[in-house]
2 protein chains.
Amino acid sequence: MAPRSTGKKAESSDKVSVICRALRRAIIEQALEPGAKLPEDSLGERFGVSRTIARHALGQLAAEGLVELRRNRIAVVATPSWQEARDAFDIRIELERLVVRQLAGKLTKPQIAELNAHVDAEDRARDGTDAVSIRLATEFHILLANMTNSPILVRYVSEVAYRCCLTLSLYSRPHSSECAINEHRSIIAALVKGDVDKVMGLMHSHLDSVANRALVAPAPQRGRDLLDILAPYAEESETGRVVKMPKVVRAR
Amino acid sequence: MAPRSTGKKAESSDKVSVICRALRRAIIEQALEPGAKLPEDSLGERFGVSRTIARHALGQLAAEGLVELRRNRIAVVATPSWQEARDAFDIRIELERLVVRQLAGKLTKPQIAELNAHVDAEDRARDGTDAVSIRLATEFHILLANMTNSPILVRYVSEVAYRCCLTLSLYSRPHSSECAINEHRSIIAALVKGDVDKVMGLMHSHLDSVANRALVAPAPQRGRDLLDILAPYAEESETGRVVKMPKVVRAR
DNA sequence: AGCGCCCGAATTGCATGCACTTTTGCCGGG
DNA sequence: CCCGGCAAAAGTGCATGCAATTCGGGCGCT
């Protein structure tokens, strides 16, 4: 399809967006777990900028729902409730149905190649860490969204996909994402074939199963605030994995 | 329905969000037209804060797509292309179908009363300015979204509704929104009745007709960038209405 | 007169500084 | 031993200052 008007970037290519991208990636790769503290100082120091910039970046991330900002409090990586996770997936399903509806039968050859290459990369990453597979799976959907050339749709799909990714790290078990790869392949196939209804159905069930695979338990609930703010910190003896803040934040 | 977990506010209740709210409102009431300049100084002066804060607010608004931020350039109110407008409405339709799907048959009496009161207010505002009717019509949808108690859905519906509102001010004629009020009433009725399919259909056709009423002409297109950046400035002699920056920005 | 260049004003990009709030760790009392 | 309060430390909220960039208008050249 003819490239549609401006492919402009909402985010200026300055230091702020560099930090945003870095943090986003750290978050979806679970290098930063939900609840991890993000003090402006440490961020600024880590990225070689002043607090002003770090703060601005946190603001943007908060607008995307990846970070929680409370007045006079250290910013933390967002900890979505189970219900919010469910809602996010519901929205995501509708948005991505829109994506494939617009894309069905309209993909160019280079685009098809790019999609296939990406899925191949997903395949190759299967023996790597879970975090990477999750990121790649998420990026597949964003790649798809990008092909619509609708900046708004891209933005919303990206955001909601990142959020979903974040919740997966909270509520899902070790979980294998292998099956997802095949689902990605069938989506590509249906897109190429141009069967709109088929591909919308595929996308729907794909996301639905990802959600169901992950969001099995309605979670403890009831007075959650205390509980799941505590959760990431208390898990040292539970899973044998100690809380670490590898990149950005050094536990002082 | 039982209020769902945290009804938390993503935006801290500080000066930044005050400015955001004010600007949002000014934009959707067309006090600030697309293309209007928003220098940090003037904003800061007007709201009694430093540039730092004004800047941060502009960042948030940019993340919502209401403001365009280019490096080293004065921020301006966004001027969405016709295609972006169309895309925004497509997304909006899906999101709001989700809203009414969740709400059908689940409204409490106070909620129903609130909705009716709002539509009454819309009715009363019919002899007021167009700007106010548009704002109220938009707020009806946001009110609806709020009742889902899904923070994410609320955020997305609000954002996309604001964006649509913005495009209406760009591409629509004097336009009467009377008919929309009746459509709002039927939506409420169908929601109360609990007929899911009916209300989803109603919402769909409602938004579709709003979009079609507004986005009639595919617009000039072709090399748009120059054209519609210039448009808001050149329109002084065209529509007889001079570019004004009434509240926040004084043309120096 | 038209065109282009150059310089000053306007404006943004960013860091730093200070006041205020929250957090934390310590100490004394129960 | 545990609890409560207090004071230092850490962190945020925000303004201001300075360098760099863009904008705009006048001046000289053609």
Legend entry - Rounded distance (Å) that lies between atom P of C:dA9 and atom CD1 of B:Ile74: 17 Å
Inset, instruction - Say whether, by atom type as modelled, one donor and one acceptor occur between the side chain of A:Arg25 and the main chain of A:Cys20 under 3.5 angstrom. - result: no
Inset, instruction - In whole angstrom, give the distance that lies between atom CD of B:Glu40 and atom C1' of C:dG13. - result: 8 Å
Inset, instruction - Any chance you could lay out the salt bridge (charged side-chain N to carboxylate O under 4.0 Å, His left out) test for A:Arg51 and A:Glu45, step after step, and finish with the verdict? - result: CA-CA 8 Å; A:Arg51 271 203 319 122; A:Glu45 192 186 341; over 6 Å; no
Legend entry - Rounded distance in Å - CD (B:Glu68) to C1' (C:dT12): 17 Å
Inset, instruction - Mind calculating the distance between CG (A:Leu43) and C1' (C:dA15) to the nearest angstrom? - result: 16 Å
Legend entry - Interface with DNA chain D, restricted to residues 50-58 of chain B and to heavy atoms under 4.0 Å: B:Ser50, B:Arg51, B:Thr52, B:Ile53
Legend entry - Length of the line joining B:Asp41:CG and D:dT16:P, which is rounded to integer Å: 12 Å
Inset, instruction - Report the distance from atom CG of B:Asp14 to atom P of D:dG11, rounded to the nearest whole Å. - result: 20 Å
Legend entry - Spacing between A:Leu69 atom CG and D:dG11 atom P, to the nearest angstrom: 15 Å
Inset, instruction - Calculate, to the nearest 0.5 Å, the distance between atoms OG1 and CG belonging to B:Thr148 and A:Asp87 respectively. - result: 7.0 Å
Legend entry - Note, B:Ile91 side chain near B:Tyr156 side chain (heavy atom, < 4.5 Å): no
Legend entry - Between B:Glu139 and B:His118, a side-chain donor and acceptor under 3.5 Å: no
Inset, instruction - Could you tell me the separation between the CZ atom of A:Arg70 and the P atom of D:dT12, rounded to a whole number of Å? - result: 12 Å
Legend entry - Exam field: side chain A:Arg163 to backbone B:Ile152, donor-acceptor pair closer than 3.5 Å: no
Inset, instruction - Verify, without hydrogens or angle tests, whether B:Gln111 (side chain) and B:Thr108 (backbone) share a donor-acceptor contact under 3.5 angstrom. - result: yes
Could you go through nucleotides 20-22 of chain C and list every protein N or O atom that sits under 3.5 Å from one of its N or O atoms, giving the distance for each pair?
{"unit_1": "C:dT21", "atom_1": "O3'", "unit_2": "A:Asn72", "atom_2": "ND2", "d": "3.3"}

Inset, instruction - Say whether, by atom type as modelled, one donor and one acceptor occur between the side chain of B:Glu68 and the main chain of B:Val77 under 3.5 angstrom. - result: no
Inset, instruction - Examine distances only and state if a side-chain atom of A:Glu96 and a backbone atom of A:Ile93 form a donor-acceptor pair shorter than 3.5 Å. - result: no
